[in-house]
Peer 1: 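Here's a structure for you.
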Amino acid sequence: MVQGTELFFALFNNLAIFIALVVVYRYLVLQLKGTRWYRRQIILGFSFGVFAVAVMYARIPVYEGVIVDQRNAIVALSGAFGGPLSALLSAALAALFRVSLGGAGVVSGVFGVGLSAVAGVVLNRFPGCFSSVRNGALSALFATLVILPGFLLVGDIRTGWQLLMDMSIPYGLAVFAGMFLAGLLLQREEARYEVERAYRESEEKYRIVFQSFPLGVIVSDWTGNIVETNHVATELTGAWKAEHGGDTVDEQYWRVLRSDGTRMPVEEFPGVRALEVGRQVDNIEMGIVKSPNDVLWLNVTAAPIPLERYGVAVAYTDISDRKNAEEELKRALEERTVLIQELSHRTKNNMQVVSALLDWRTHGETDERIVSILRNTRNRIRSMALVHEHLYQSRSLSHVNLEPYVRELADTLTESFQVSPQDVRLRWSTKSVWTLIDSAIPFGLIVAEVLSNALEHAFADGRTGEIEVFLARVESGEVLLRITDNGVGLPAGFDPKVDGGLGLQTVFALGEDQLQGRVELEDAEGVSCTVEFRDDLYGERV
């Protein structure tokens, strides 16, 4: 075995060539990304072939007079990392150079290079064959075993076999060591390239998302200092640092508002809240007062970033147009509300004027029949006017609470008929019932007619008694009204639909036809009138 300085420099030269091969391979991998497969293999095959030729000048002495080189290891690595075309091209370059050198071992050298290419192609079919020390050792051992039979073509078969036996250990160890070390280094460069490629792709995707989406995005650290911002955020907010740290929150220019227009304190800022609760905060509306007449309204989502140099990411969407449209709509609705309330108020006033005219007309009238007609007409008008009064006083523009309405209507009628509470007492068993004005007006006319009949006829000739009013919404959803008096009752054989006057006919017409309900008039120790109807005949229009 050759030892000493000669062997040291031979091994050093081979190591330097392998290191140079790794460096060149790393450069080529970066330059050849995205190129067609055949172009990549041709360039790699030519490059590995050049290094295979170079190692023929850096031979390793293994015995006195016996030297070897690592061209076969490099050709096998060319196939393993480049592919079949790369293995063929590098083997061809090494074989041609070996032929040009001449000598007795040409055939054996060319055959060995061919076996190296075959070993490389086989290894190429197993990605990651050098991904670990174990895989690298097995791959290098396999290639060495494939390459060694090349010695069989040196001389006759007996000479070749004897040389194979003699060279298996020294030459095999040299090829194995070269392939093992260089393969691990080349695989490391492959892995590094994949990591860098994945990093670049991730960075590019991040850049595209960060810069191209129509969202303002600001990334800050844990202290509120801005780390990154895209152009949309810069255009929207001027990359406002106070949103995160609150350093300039007291400046007049950067006054921040809640969605209702009140001042937003620092602890309510989305970025601050996201850091405080440790989770994403969604859809926070905030306004930035850029000038007294210019408020930028934003919809903000903030999320903490669990990385060392980052704190929170805040995404902004400009909703100023929507917010302004909402404000315009709100003002329009308020104006409409005022208009409808004013309309109801004026309708009520006009009806009161008509009622006053009828009241004035009764003064001095001696005909009791005419007085009764005028008074009943006035009461009907008052009942309708009272609906409009409750309507414009209500928060709703289309619903009326029937309970206070019935009570006030009863007070108006007792005053109209000049009935003393000591003579006729009203008993109430009522609950709150809301209904649309479309049902409230005919309902009020029915109440006015029934109560008027009771006040006018049930307690004639100085009789006293009481009137009970029941009002509720029953389980079926219908509105139930029952007005009962303990007065004189109905005449014998009285048919309200035939014998009743205009008032009772109006009750049946309104209850059964307009409200499409049920009306019953019973004589039982007085008169009981029951009206039951559904109030879903009309839809809400206001």
Side-chain angles (χ1 to χ4, degrees), residues 2 6-7 9-25 28 38-121 124 143-144 146-157 159-164 166-168 170-172 174-179 182 186:
V2 177
E6 183 181 3
L7 178 60
F9 281 109
L11 294 174
F12 179 81
N13 291 336
N14 274 262
L15 180 61
I17 292 174
F18 276 122
I19 292 175
L21 174 63
V22 171
V23 173
V24 171
Y25 179 73
L28 292 177
Y38 58 84
R39 184 170 181 268
R40 180 179 186 275
Q41 291 199 30
I42 289 174
I43 294 176
L44 288 178
F46 179 79
S47 301
F48 275 78
V50 170
F51 278 94
V53 170
V55 294
M56 294 184 193
Y57 291 101
R59 301 172 180 178
I60 304 174
V62 292
Y63 286 112
E64 288 293 345
V66 180
I67 56 175
V68 295
D69 58 61
Q70 292 282 18
R71 64 176 179 270
N72 291 331
I74 292 179
V75 171
L77 291 172
S78 174
F81 288 92
L85 185 57
S86 175
L88 179 63
L89 183 57
S90 61
L93 288 176
L96 289 174
F97 186 76
R98 179 64 188 87
V99 170
S100 68
L101 293 178
V106 171
V107 175
S108 175
V110 172
F111 182 57
V113 169
L115 291 176
S116 302
V118 172
V121 172
N124 183 257
T144 302
V146 173
I147 294 170
L148 282 175
F151 287 105
L152 293 174
L153 297 185
V154 177
D156 55 28
I157 189 65
T159 303
W161 177 257
Q162 186 61 45
L163 185 60
L164 174 62
D166 294 337
M167 298 297 293
S168 293
Y171 179 70
V175 173
F176 174 84
M179 281 203 65
L186 291 173

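Just so we're clear, the structure is a prediction, and the values are computed from it rather than from any experiment.
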Peer 1: My understanding is that only one of I74, L21, N72 makes a side-chain contact (heavy atoms from CB on, under 4.5 Å) with V55; could you say which?
Peer 2: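 Only one of I74, L21, N72 forms a side-chain contact (heavy atoms from CB on, under 4.5 Å) with V55, namely I74.
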
Peer 1: Atom CZ in F48, atom CG in L77: separation rounded to 0.5 Å?
Peer 2: 6.5 Å

Peer 1: For F111, check side chain to side chain contact (heavy atoms under 4.5 Å, CB included) against everything at least two apart and list the hits.
Peer 2: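 Only L115, L153 meet the side chain to side chain contact (heavy atoms under 4.5 Å, CB included) criterion with F111.
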
Peer 1: Show the nearest heavy-atom pair for residues V121 and P84, with the distance to one decimal.
Peer 2: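 Nearest pair, atom of V121 first, then P84: CG2-CA, 3.8 Å.
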
Peer 1: Which pair of non-hydrogen atoms, one from A143 and one from A76, has the smallest distance, and what is that distance?
Peer 2: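 What the structure gives for the nearest pair is CB-CB, 4.5 Å.
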
Peer 1: According to the side-chain hydrogen bond (donor to acceptor under 3.5 Å, both in side chains) rule, which pairs have a member within residues 80-107, sequence neighbours left out?
Peer 2: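 Sorted pair list: S78-S86, S78-S90.
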
Peer 1: Restricting to non-hydrogen atoms, name the atom on R40 and the atom on F81 that form the minimum distance, rounded to 0.1 Å.
Peer 2: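 Answer, listing the atom of R40 first, then F81: NH1-O, 3.8 Å.
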
Peer 1: With side chain to side chain contact (heavy atoms under 4.5 Å, CB included) as the criterion, how do R71 and F97 come out once you've worked through the C-alpha distance, each side chain's angles and the decisive distance to 0.1 Å?
Peer 2: CA-CA 11 Å; R71 64 176 179 270; F97 186 76; over 6 Å; no

Peer 1: If you measure from OG on S47 to CD1 on I43, what distance do you get to the nearest 0.5 Å?
Peer 2: 7.5 Å

Peer 1: Minimum heavy-atom separation for A91 and V75, please, with both atom names.
Peer 2: CB-CG1, 3.8 Å

Peer 1: Partners of V24 by side chain to side chain contact (heavy atoms under 4.5 Å, CB included), sequence neighbours excluded?
Peer 2: L28, F51

Peer 1: Quick check: closest heavy atoms across Q41 and G82, and the distance to 0.1 Å?
Peer 2: CG-O, 3.2 Å

